[in-house]
Amino acid sequence: MKLYRIKNKYVFGKNKHNAKTYDPNGTHDYAAYYSKKAKKWRLVGLTHVLDPKRQAQIQKKELMMMNFGSYKTKNKVSIPSGVKNKYLETDINGQDIDLKKMGAVPLNKGKLSKSESAKIRAFAKTREK
């Protein structure tokens, strides 16, 4: 499993909830892995956790806090990330995830250990619609 930065326009579109802030060229980070069982790439969304809305999601078990090597300050202090409990298998057009077509950029130090990967896969069990 690796961490990738992917442009918004490939993963989600503009809607009434994000109409004012949507930027198709903006990016979000995802943990990506290939599911041998489904024979598809899967993306698990990552987010920041330092606001009250995210704290409520953590309490509801919608997010899990983790520290990754890619998210450290210049002083090497870890910045916690939120891992979402759902995964994506298709892009905005309903096509299977293709990291090359999406122009996914791997993050520096973005390769996860086996234990981190297993923890994320166990947490993100449901497919996002």
inquiry  = Could you go through Ile120 and Met66, starting from their C-alpha distance and side-chain angles, then the distance that decides it, and tell me whether this counts as side chain to side chain contact (heavy atoms under 4.5 Å, CB included)?
reply    = CA-CA 9 Å; Ile120 291 172; Met66 288 186 76; 3.6 Å; yes

key: side chain to side chain contact (heavy atoms under 4.5 Å, CB included) between Met1 and Tyr34, intermediate numbers included   = CA-CA 8 Å; Met1 187 176 290; Tyr34 188 78; over 6 Å; no

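Residues Lys84 and Glu62 are not in side-chain contact: their nearest non-hydrogen atoms beyond the backbone lie 4.5 Å or more apart. At least one side-chain heavy atom of Lys9 sits under 4.5 Å from a side-chain heavy atom of Asn25. Looking at Glu89 and Asp96, their side chains never come closer than 4.5 Å, going by heavy atoms from C-beta outward. Contact annotation: the side chain of Val83 approaches that of Leu46 to within less than 4.5 Å [non-hydrogen atoms, C-beta and beyond]. Within the 4.5 Å cutoff, side-chain heavy atoms of His28 are placed close to those of Phe12. At least one side-chain heavy atom of Asp29 sits less than 4.5 Å from a side-chain heavy atom of Leu107. At a threshold of 4.5 Å between non-hydrogen side-chain atoms, the residues Leu3 and Phe68 count as touching.
Taking each heavy atom of Gly13 and Asn18 in turn, the nearest pair found is O-ND2, 3.3 Å. Nearest approach of Arg54 to Asp51, heavy atoms of both residues: N-OD1, 2.9 Å. Across Pro80 and Ser78, no two heavy atoms sit closer than the pair CD-O, 3.8 Å. Closest non-hydrogen pair, Leu43 versus Ala32, comes out as CD2-CB, 3.6 Å. Counting all heavy atoms, side chain and backbone alike, Tyr30 lies closest to Gly45 at CD2-CA, 3.5 Å. Closest approach of Lys61 and Phe123 over heavy atoms only: O-CZ, 3.5 Å.
Within the model, atoms OH of Tyr4 and CG of Leu99 stand 5.5 Å from one another, a figure rounded to the nearest 0.5 Å. Within the model, atoms OG of Ser81 and CE of Met64 stand 11.0 Å from one another, a figure rounded to the nearest 0.5 Å. To the nearest 0.5 Å, the span separating CD on Glu128 from CG on Leu88 amounts to 4.5 Å. Leu63 CG to Met65 CE: the interatomic distance, rounded to the nearest 0.5 Å, is 10.0 Å. Atoms CD1 and CZ, on Ile97 and Arg42 in that order, are 11.0 Å from each other to the nearest 0.5 Å. Residue Ser70 holds its OG atom at 12.5 Å from NZ of Lys111, rounded to the nearest 0.5 Å.
In terms of hydrophobic clustering, with Ile, Leu, Val, Met, Phe, Trp and Tyr side chains grouped at heavy-atom distances under 4.5 Å, Val44 and Ile6 are assigned to different clusters. Note: the hydrophobic cluster containing Leu112 also contains Ile79 (ILVMFWY, side chain heavy atoms under 4.5 Å, direct or indirect links).
Side-chain atoms of Asn8 come within 3.5 Å of backbone atoms of Asp23 as a donor-acceptor pair (strictly under, hydrogens ignored). Checked by atom type and distance alone, the side chain of Thr73 pairs as donor or acceptor with a backbone atom of Val77 at under 3.5 Å. Between the side chain of Gln59 and the main chain of Ala56, no donor-acceptor pair closer than 3.5 Å is present.
In this structure, a donor-acceptor pair under 3.5 Å is absent between the side chains of Asn93 and Tyr10.
The neighbour count for Lys86 NZ, taken as heavy atoms of other residues, nucleotides or ligands under 6.0 Å away, does not exceed 12.
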